[in-house]
Q: 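Quick one: the structure is below, and I'll ask about it shortly.
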Amino acid sequence: MAAISKRSGFSCSTWGVPFAVILAVLLSACSLPAPTVAITAATVTTAERVRDAPEIASPEAELDQRYEALHLAQPAARLFALDAGASSLRIHVFRAGRLAGLGHNHVLTAPRLIGRVLVPEKVNDAQLELAFRLDELAVDEPAQRASLGPAWASAMSPEAIAGTRKNMLGEAGLQAEAHPWVRIRSLHISGELPKLAMEVEIELHGQKRVQWLALDVQPGPDSLRAQGALVLHQSEFGVTPFSIGAGLLAVADELVVEFSLRAVVPGQRPIRNN
C-alpha cells in the first residue's frame with residue numbers, strides 16, 4: 001500500500017483521511033465503469049427514462065422531405081439512403097489520469113443509423129446528413145470489446161455496463177433524454193475520390209460545433225461506401241468528463257468516433273446484419 005501511495009501521490013496528511021478509505025473509494029468508482037458520476041438512490045437508468053419519456057419524432061421523415069426537395073432541384077444528382085444494416089458507428093471512450101490502470105476503456109455502438117446523401121456531377125458539391133440516437137447506443141458489447149485488443153480485454157459485468165450507460169447518458173453526462181439525437185451534416189467537401197476532406201456541423205448535447213474529418217469513399221453503380229473517423233472533445237459540447245481525486249482517475253476528454261457507411265439508391269434492397 002505504501003508503494004501505491006507513493007506512486008499515486010496520495011498521503012494521509014494531504015487528504016486528512018486514511019489512505020485505505022481513499023483507495024476503496026477509487027476502486028469502487030472504477031467498478032462503476034468510466035465515465036461515471038455520483039449515483040444516488042434517485043438515479044434511474046437511461047432505459048427506464050426512455051421507457052417513461054414521451055416519444056420523440058424521428059428526423060428521418062424530415063430528412064426524406066428535405067433531400068427529395070434537393071433532388072427535385074438537381075434532377076441529375078444521385079440520391080442515396082443509408083443502409084443501416086450494412087453501416088456501423090463506434091464511439092471509443094478512454095480512461096485517463098495517473099490511476100488510469102484502475103479504470104476501463106469503453107466502446108459504444110449505434111445499432112440504428114439514418115442518413116441521406118445527394119451526389120451531383122461534382123462530388124465536391126455533394127451533401128450528406130447522418131443521425132443516430134444516444135439512448136439506443138449499445139455499451140461494451142463483449143464482441144466489440146474483444147475486437148479491439150488488450151486495452152479493452154477486461155470483462156465487464158452487467159452491473160458495470162449498466163453503470164456506464166447511466167453515467168454516460170444520464171443527467172450529469174450527455175443527457176440522452178433531453179438531447180437524444182446526434183446529427184452530422186456536411187458543410188464543405190474538398191479533395192478527389194477516393195480521398196476526401198469534409199467539413200461537418202455536429203449537433204450533440206444541444207450544441208453545434210464545426211470541424212473537419214477525413215473520408216475514404218468508394219462509389220458503385222447503385223451504392224457508395226464511406227469510411228472515416230473523427231475526434232470529439234466532450235468539453236466543447238458542454239460536458240465535463242468524469243474525474244475524481246483531482247484527476248487521479250478520470251475519463252479522457254477526447255472521444256474517437258469511427259464509422260463505416262453504405263448508402264444505396266432508395267428502393268434497392270438493403271443488406272441486413274445477421
Q: What ring-ring contact (aromatic ring centres under 6.0 Å, His included) pairs are there with at least one residue in residues 114-135, not counting sequence neighbours?
A: none
Q: Can Leu204 and Leu232 be said to form a side chain to side chain contact (heavy atoms under 4.5 Å, CB included), step by step?
A: CA-CA 10 Å; Leu204 171 67; Leu232 297 181; 4.2 Å; yes
Q: Would a hydrophobic clustering, with Ile, Leu, Val, Met, Phe, Trp and Tyr connected at side-chain separations under 4.5 Å, put Leu213 with Leu193?
A: yes
Q: Count I, L, V, M, F, W, Y as connected when their side-chain heavy atoms are under 4.5 Å apart, and connections chain through other members. Are Ile202 and Trp212 then in the same cluster?
A: no
Q: Any chain of hydrophobic side-chain contacts (each under 4.5 Å) joining Val265 to Val117?
A: yes
Q: Within the 3.5 Å criterion, strictly below it, is a donor on Arg90 or Ser147 matched to an acceptor on the partner's side chain?
A: yes
Q: Let me check something: do Leu128 and Leu187 share a hydrophobic cluster, defined by ILVMFWY side-chain heavy atoms less than 4.5 Å apart, either directly or through other members?
A: no
Q: For His106 together with Trp152, are the ring centres under 6.0 Å from each other?
A: no
Q: Would Arg66 and Glu62 pass as an ion pair if we require N to O under 4.0 Å?
A: yes
Q: Taking Arg185 as the fixed residue, which of Glu129, Glu203, Glu201, Gln127 is the one that meets the side-chain hydrogen bond (donor to acceptor under 3.5 Å, both in side chains) rule?
A: Glu201
Q: With no hydrogens and no angle check, just 3.5 Å: does a side-chain donor-acceptor pair link Gln207 and Arg209?
A: yes
Q: Is a side-chain N or O of Arg145 found less than 3.5 angstrom from the main chain of Asn105, in a donor-acceptor match?
A: yes
Q: Go through the side-chain N and O atoms of Asp253 and His233 and say whether any donor and acceptor fall under 3.5 Å apart.
A: no
Q: Using the rule given for side chain to side chain contact (heavy atoms under 4.5 Å, CB included), can you reason through Asp135 versus Glu177, listing the C-alpha separation, both sets of side-chain angles and the distance that settles it, and then say yes or no?
A: CA-CA 7 Å; Asp135 51 32; Glu177 182 179 346; over 6 Å; no
Q: Identify which one of Thr109, Val182, Leu174, Leu108 satisfies the side chain to side chain contact (heavy atoms under 4.5 Å, CB included) criterion when paired with Leu137.
A: Leu108
